[in-house]
Colleague: 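Pasting a structure here, questions to come.
Scope of the values below: all heavy atoms of this structure, side chains included, with no hydrogens, waters or symmetry mates. Every chain is numbered from 1, with letters handed out A, B, ... down the list of sequences.
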Amino acid sequence: MDIFLQQLANGLTIGSMFALVALGYTMVYGVMRLINFAHGDMVAASAFVGLTIYTHVTGQATSLAAVVAIFLLSAVVMAVLGVVLERVAYRPLREAPRLSAVVSALGASLVIQNGIMLIWGPRMRIFPELVPQVYWDFGGVVISLIQVIILVLSLVLMIALYLFVEKTRIGAAIRASSIDQDAARLMGINVNSIIALIFIIGSSLGAVGGLFIGLYYRGITFNMGWQYGLYAFVAAIIGGIGNIPGAMLGGMLLGLFNAFIAGYVSSTWADAFTFILLIVILIIRPTGILGERVAEKV
Amino acid sequence: MSNDVLFEIKDLEVSYGAIAAIKGISLKVHKGEIVAILGANGAGKTTTMRTISQLLKAKAGSIRFKEHELTNLPAHKIVKLGISHSPEGRRVFGILTVEENLTLGAFSQSKLDRKTLAWVYDLFPRLQERRKQLAGTLSGGEQQMLAIGRALMSNPEMVLLDEPSLGIAPILVKAIFKQIKEIAKSGVTVLLVEQNAKAALKLADRGYVLDVGKIALSGTSAELLASEKVQEAYLGKKN
């Protein structure tokens, strides 16, 4: 029982990080039908950007205000980079065959990954201890302050995003653009602005995810975006790519699954089982758990 | 008549890559008119409509609406000027509700005009009954009503209706055409594209017949209905 509760807590923590990153994949796919393979590397970059802001901007302070500033600044930097990425790597290929954009995405991924290596070096860097090491022991189940922060902040961000997309005018424009771009234009929606907005939201949520990865795992490497990006991508597909609640659900499920495999089977097998899970879900439900069910009418 | 021209196309040419779809057409629409563009499949009707809305870009020629030249504008700015477009195939947002679709129709407005919404529900009571239903679950005719209603939500001066009768039960076609007349009566100018020439000419004041990218014939509806050429080609009468 102890293992179960412990892995439940760990699973929810990593699940919320997967979910935050998965939202970036799923939102871009929803509007552009494009897998932004560079997203994982953007997430990695954000951890390094956060590190640099900590050392050079906020003066290695760990006060609450300094930590909030690191999160906000990193999110802004990554949002700007996200918009640049879309302009440079994807917009020129908007009318090109879809495969060209996929190749461009892979290229952008390599450019960002190597960019991180050039700027911050190829060796593992240690992410600063921004949150005090506070632990609570509930009869053998240990939960850290970092875990609580990650879970709560992720949930808040996800609920805020959900409400924004479902309840606001701009949210409706995002949904319309993801269904039919030409019809959205006829409504007066500037689809280019919506796409830029999607990259702003996705990249800043990814930035928070990247900082969480740094806080939780401490060691950050230039190529870690590949691993976390892949997990988040799988989470998005499990939930039903293009579907926002699906990405949240997929992330949480994947985190829990991973934690339980690590707890009950073996942590070295967690990756293998993750992909077995993906294959099984895709066989049962090719569109993912919450994937679009309404058939396209011609 | 000529000084109340609301909308004018001059020498418009549109191509898809190397293939010319519209080979220099000119037409005028006066304020308050219902004008029909007729023609067979592939004549260029929908291409013309999509070019007016700037979803397609003209290769040459001009499209003027009041004092605005449309050809250099991005598509999303057109509706704000007062032209809205109910596209071919309806293109309703299937996984959104009827009401969400109508609200999106008013996206170009600073806020949703309740009076317009009430008017649309008045024109098509079926939409009000189904306002919480997903648009994709409506019948073809109801989706057409929704597409037209959505186009009206921006309070347009001119509405483009592309094949409102396409694939719809005849009884609903009649109902929809009756409401198009109502829409025109309320002061909205209507530019209509139809394959169903007879029904369209009964409704319209004037018409243009498009044939492989050129205007083959134009005139008042009465003239066109009486013309042998139209009768032969579009109304299925021989000799």
Colleague: Answer yes or no: are there more than 12 heavy-atom neighbours, outside A/Tyr162 itself, under 6.0 Å from its atom OH?
Modeller: no

Colleague: Under a 4.5 Å cut-off applied to non-hydrogen side-chain atoms, are B/Arg150 and A/Met187 in contact?
Modeller: yes

Colleague: What part of B/Leu104 gets closer than 4.5 Å to chain A, counting heavy atoms only: side chain, backbone, both or neither?
Modeller: both

Colleague: Please check if the number of heavy atoms outside A/Trp226 that lie under 6.0 Å from its CH2 is greater than 12.
Modeller: no

Colleague: Looking only at heavy atoms, what is the nearest atom pair of A/Ile189 and B/Phe107, with distance?
Modeller: CG1-CD2, 3.5 Å

Colleague: Identify which of A/Ala173, A/Ala183, A/Ala184, A/Ala176 forms the greatest number of heavy-atom pairs closer than 4.5 Å to chain B.
Modeller: A/Ala176

Colleague: Please check if atom NZ in B/Lys10 has more than 12 non-hydrogen atoms from other residues, nucleotides or ligands closer than 6.0 Å.
Modeller: no

Colleague: Drop me the distance from A/Arg175's CZ to B/Ile95's CD1, to the nearest 0.5 angstrom.
Modeller: 8.5 Å

Colleague: For the residue pair B/Gln109 and A/Arg169, what are the closest heavy atoms and their distance?
Modeller: O-NH1, 3.4 Å

Colleague: How far apart are the closest heavy atoms of B/Leu96 and A/Ile179, and which atoms are they?
Modeller: CG-CD1, 3.7 Å

Colleague: Roughly how far, to the nearest 0.5 Å, is CG of A/Asp182 from CG of B/Leu56?
Modeller: 8.0 Å

Colleague: Could you state the interatomic distance from CG (A/Asp180) to CZ (B/Arg90), rounded to the nearest 0.5 Å?
Modeller: 13.0 Å

Colleague: Should we count CZ of A/Arg87 as having more than 12 external heavy atoms under 6.0 Å?
Modeller: no

Colleague: Only heavy atoms, only distances under 4.5 angstrom. Which residues in residues 66-77 of chain B are near chain A?
Modeller: B/Ala75, B/His76

